[in-house]
Each structure stands twice: as C-alpha cells, then as structure tokens.
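One-based numbering, in listed order, for ligands and for the atoms of each. Owing to the predicted nature of the structure, the values given are computational and were not obtained by experimental measurement.
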Amino acid sequence: MPYQAMIADEIIQRRRIDPQDPQIAEAQKHRNSLFLGMDTTQGNQVRTLSIASWDAALKSFAKNCALSWKLASHQFRRKFANYAAHSRFGDLRYLKEHYAHWSMDMTLGYAMDESWGQHLDLELYSEIQDELEDIKLGVVDGWMGDESLAGGYGGAIKGWKREPENLLIFKDRASMLKSISGSTFIRSNGHAWCTADNDGCVGNTLERTRCTGCEHSVIGSIHAPMYQRLYDELKELLHCKDIGEGGRQRVERDLKRCRDVLVRLGMPPEDLSA
Ligand code: SF4
C-alpha cells in the first residue's frame, strides 16, 4: 500500500508539471499492482516487480534457507499450470486473458511459426493443455459412472448411456472417454459444467440457477452443497417483506430450480419442504 500511494503521488506530480506526460499512463498501469518494488537506479521509481527482481529475491530467499538451489521464477510454471487448470474458474476464459493469442481449441498450430512464436512459452502451454486434458477426462469419467446427474446435458448423457448400442461404437471405455472429452467443451462455472461453446451466457454470472434447466449443463454431486446452501438462503429470503411481488416470484422460481436439482441428485423430496 505505501508503494501504491507513492505511485499515486507520482501521477499527481507528473500531472502538475505536464498533463500530457506519457509516463502518467505508464504509472497508472502499475498503480494497483500487488507486487511493487522501488528501482533505485530510476530515482526511486515504484513499479511492478520485474522478472529479474523476482529472480533476485528468490535466489536470496533460497540462500537464506541455506539451500544451494538456484531458485528462479520459471520453475513455478508447472505449478502455475496445475493451479490454473485446476482452479474452479480455471478455464480457458482465464487462460485466454492471461496469454494473449491463446488459441481456444489449444491447437496452437499457428504459434509454432518460428519468428512469430518465439515470445510464447510453448512448453508452458503444452503443460497446461496436458493438465486440462487430464481434468476433462476425469470429469467425463465421473459423468459416465453411476453418479446421478442433473442439468439438461447431464440428463441426455444418462439417457445416451442407457442405450447399449451407443457404447458399442467405442473400442473400450478409455477410448470412449477420450472421444467424448475431446469433442465436448467443458467449462466449470462453479455451479455446473457448462458445455456451451462460449462463455457469454448470464448463467455463468448473473442468473446462476438458469443452468439447472439448460440443455448445455451437467450438474453432479460435487455441486450439491452449493444448491443446498442456495436453497436454504432462498427459503429465508422468502420471508422478507420488502422484496415485492416480482422478488417473491423470482425467489420461488429459484427455489424450485434448486429443489429439482437436489431431488435429481438423489435427495429425498421430503427433506426439501419449502
Ligand atoms: S445456462 Fe446453460 S449455457 Fe448458460 S452458463 Fe448455464 S449451462 Fe452454460
């Protein structure tokens, strides 16, 4: 925070001297950074820590721990790939934002161009891709198991699985999982797996219960605690006197949506009395 305040001061000073100073925009880019440092070679200017600063700090950290390990920032990338891919929101939306030019289907064929692709960390991309493929396989494996599924796509999968001839077209279970996971967009939005091929839907954000009846959604037992909590909170909201008729109808609609999901996931209906 003191460093952020120093950047705010710098912006004020620069504006006073020359409102057109291009360094104002530069300083603004760093003003809200979390990891800031002071560059003594640039008149104590405060900016976001560079890779070189991090590497120096990491080496000093290792040395202070009496380790001979030449710790460097790039050694964290495998962990980063792992975290990014496993994060509840760690889908391609985030990764795409993080890496300009990220290819949505991860083929990255164009990135292999020697001159153009030089600035890209292709090894890191392929590590994230491997992680994502593993996760998708695990998710589809769960869908194909005995667990109950709610959501439109969840119901369709269960119906599809019940027809033995559908399973016969695959050599074995592993090739079935690979084929389905390879051909299905799977985006975890925290309350469902959304299989729509883009993230523009308000079901991801403003109207989460929309996923319950959507043809693109798969909802599994992993999501049940979220719907149970939402159900309990909505029940309390129903007692609020000042939400108006529209509010009451919306709460009732969402209560029903949550209830339907919980029942489809195996909860006895009598446990969900409104
Ligand atoms: S409502 Fe359907 S398309 Fe929208 S986020 Fe939910 S699952 Fe995806």
Side-chain angles (χ1 to χ4, degrees), residues 83-98 102-106 128-129 131-162 166 176-235 237 246-267 272:
Y83 277 143
H86 278 84
S87 153
R88 226 154 65 108
F89 303 103
D91 60 5
L92 299 189
R93 278 176 295 166
Y94 167 71
L95 296 171
K96 191 168 179 242
E97 225 170 82
H98 199 81
W102 179 261
S103 161
M104 207 59 182
D105 63 6
M106 301 268 200
I128 295 174
Q129 184 178 1
E131 291 286 340
L132 282 168
E133 279 170 6
D134 280 356
I135 293 167
K136 278 180 82 178
L137 269 178
V139 168
V140 174
D141 193 19
W143 292 355
M144 292 297 153
D146 295 329
E147 185 195 321
S148 301
L149 294 177
Y153 200 72
I157 287 172
K158 288 292 168 191
W160 180 84
K161 211 189 114 194
R162 274 194 294 274
N166 287 334
M176 175 181 74
L177 298 182
K178 201 164 173 216
S179 165
I180 295 173
S181 73
S183 58
T184 313
F185 275 101
I186 302 176
R187 182 184 318 108
S188 168
N189 60 20
H191 50 282
W193 289 290
C194 172
T195 60
D197 58 8
N198 73 66
D199 64 356
C201 176
V202 291
N204 289 302
T205 48
L206 295 173
E207 193 194 330
R208 292 167 198 229
T209 57
R210 175 183 284 225
C211 298
T212 58
C214 171
E215 61 176 356
H216 296 297
S217 69
V218 183
I219 301 174
S221 58
I222 192 175
H223 303 111
M226 212 281 308
Y227 285 94
Q228 179 69 63
R229 181 80 188 265
L230 191 53
Y231 182 80
D232 293 342
E233 289 181 355
L234 284 165
K235 265 203 310 189
L237 205 53
R248 190 190 59 75
Q249 284 188 16
R250 177 150 181 173
V251 171
E252 280 183 351
R253 181 201 69 186
D254 285 353
L255 264 173
K256 181 176 178 323
R257 287 176 169 180
C258 295
R259 185 177 191 279
D260 289 349
V261 163
L262 290 166
V263 170
R264 274 183 69 183
L265 293 178
M267 178 164 287
L272 291 162

Is it the case that atom NZ in Lys161 sees more than 12 heavy atoms from other parts of the structure closer than 6.0 Å? yes
2.8 Å cut-off met by an N, O or S atom of Cys211 to atom 6 (Fe) of ligand 1: yes
Between Asp260 and Arg264, does any side-chain N to carboxylate O distance fall below 4.0 Å? no
For atom 7 (S) of ligand 1, what is the nearest protein heavy atom, given as residue, atom name and distance? Ser217 CB, 3.5 Å
Once you restrict to heavy atoms under 4.0 Å, what part of Thr195 touches ligand 1? Side chain, backbone, both or neither. neither
Under 4.0 Å from one or more heavy atoms of Cys214, ligand 1 contributes atoms 1 (S), 2 (Fe), 3 (S), 7 (S)
So does Arg229 pair up with Glu233, basic N to acidic O under 4.0 Å? yes
Any donor-acceptor pair under 3.5 Å from Lys158 side chain to Glu147 backbone: yes
Can you report which non-hydrogen protein atom sits closest to atom 4 (Fe) of ligand 1, along with the distance? Cys201 SG, 2.3 Å
Hey, does the side chain of Lys136 reach the backbone of Thr184 with a donor-acceptor pair shorter than 3.5 angstrom? yes
Only heavy atoms of Asn189, strictly under 4.0 Å: list the atoms of ligand 1 that pass. 5 (S)
Strictly under 2.8 Å, is atom 8 (Fe) of ligand 1 approached by any N, O or S atom of His216? no
For atom 8 (Fe) of ligand 1, what is the nearest protein heavy atom, given as residue, atom name and distance? Cys194 SG, 2.3 Å
Does the distance from a Lys or Arg side-chain N to an Asp or Glu carboxylate O, for Arg253 and Glu207, drop under 4.0 Å? yes
Identity of the nearest option to atom 1 (S) of ligand 1, non-hydrogen atoms only, from Arg210, His191, Arg187: Arg210
